[in-house]
Amino acid sequence: NRVFFIQTRDNELETAFNIVSALISLDQPVIVESAALRKIRIPSLYIFIQKRFEAVKPSAYEMQKLADISVFSEEESFSIDPQTIQFKQTWKIYDHAAASH
């Protein structure tokens with residue numbers, strides 16, 4: 001329902017994120033696009049998204065190693081179905097194919 005935009009230097013990111021976090025209910029799901037924030041906070045689900053045929057930058061490679069899952073994009077498609085990523089008290093990736101067996 002709400003979107004917050006933080007633009008700050010990395011050394012002030014934790015302070016800025018704490019200010020915004022105070023405005024968010026604890027039971028609200030939060031989606032963050034920030035590799036720098038991953039160095040400060042450990043999310044319940046960390047997804048690394050990269051273009052399928054693009055080399056990972058050395059700085060991004062370190063962040064990719066921390067990911068719960070890497071997702072590859074190609075134009076408007078992804079290597080996993082975005083519908084499998086759901087929030088049910090916490091973020092999880094549900095494998096619908098495995099659940100149906």
Side-chain angles (χ1 to χ4, degrees):
N1 294 335
R2 299 187 300 171
V3 174
F4 297 94
F5 178 78
I6 297 173
Q7 184 174 10
T8 186
R9 293 187 174 100
D10 285 355
N11 65 337
E12 295 293 327
L13 182 57
E14 185 169 18
T15 301
F17 186 73
N18 288 339
I19 291 168
V20 171
S21 293
L23 303 172
I24 302 169
S25 172
L26 293 176
D27 62 345
Q28 281 297 128
V30 176
I31 298 173
V32 176
E33 190 283 322
S34 173
L37 187 60
R38 175 57 184 88
K39 295 175 185 177
I40 299 167
R41 299 286 174 97
I42 299 173
S44 59
L45 179 63
Y46 176 54
I47 302 171
F48 186 88
I49 302 174
Q50 75 176 79
K51 292 182 180 176
R52 183 173 300 278
F53 300 109
E54 186 173 272
V56 177
K57 299 176 196 173
S59 60
Y61 180 71
E62 291 303 313
M63 302 313 299
Q64 183 182 29
K65 291 192 303 187
L66 299 173
D68 295 302
I69 186 172
S70 289
V71 175
F72 301 95
S73 67
E74 188 174 351
E75 296 181 18
E76 294 183 19
S77 65
F78 296 92
S79 59
I80 67 167
D81 179 357
Q83 296 295 321
T84 63
I85 303 168
Q86 299 177 14
F87 184 81
K88 295 180 181 178
Q89 273 78 46
T90 187
W91 288 104
K92 291 184 180 179
I93 298 176
Y94 293 89
D95 183 357
H96 294 297
S100 65
H101 293 265

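A donor-acceptor distance shorter than 3.5 angstrom exists from the side chain of Gln86 to the backbone of Gln83, with no hydrogens or angles considered. A donor-acceptor contact shorter than 3.5 Å links the side chain of Arg2 to the backbone of Leu23.
Salt-bridge check for Glu12 with Arg9: failed, with every basic side-chain N at 4.0 Å or more from each acidic carboxylate O.
Scanning both residues, Ile80 and Thr84, for their nearest heavy atoms gives CD1-OG1, 4.1 Å. When all heavy atoms of Phe87 and Gln28 are compared, the closest pair comes out as CZ-C, 4.5 Å. Smallest separation of non-hydrogen atoms from Val32 and Phe17: CG2-CE1, 4.1 Å. Heavy atoms only, all atoms of each residue included: Met63 and Ala35 are closest at CE-O, 3.2 Å. Listed here is the closest heavy atom pair of Ala60 and Phe48: O-CE1, 3.5 Å. Here the closest heavy-atom approach between residue Ala67 and residue Tyr46 is recorded as CA-CD2, 3.1 Å.
The number of heavy atoms from other shown groups lying within 6.0 Å of CD1 (Ile24) is above 12. Ile42 CD1: 12 or fewer foreign heavy atoms inside a 6.0 Å radius. At most 12 heavy atoms of other shown residues, nucleotides or ligands fall within 6.0 angstrom of atom OH in Tyr61.
Under the 4.5 Å side-chain criterion, counting only non-hydrogen atoms from C-beta, Asn18 is in contact with Arg41. Side-chain contact between Asp68 and Ile47 is absent, with no heavy atoms from C-beta onward closer than 4.5 Å.
For the pair Lys88 and Tyr94, the cation sits on the ring face: its NZ or CZ lies under 6.0 Å from the ring centre, inside 45° of the axis.
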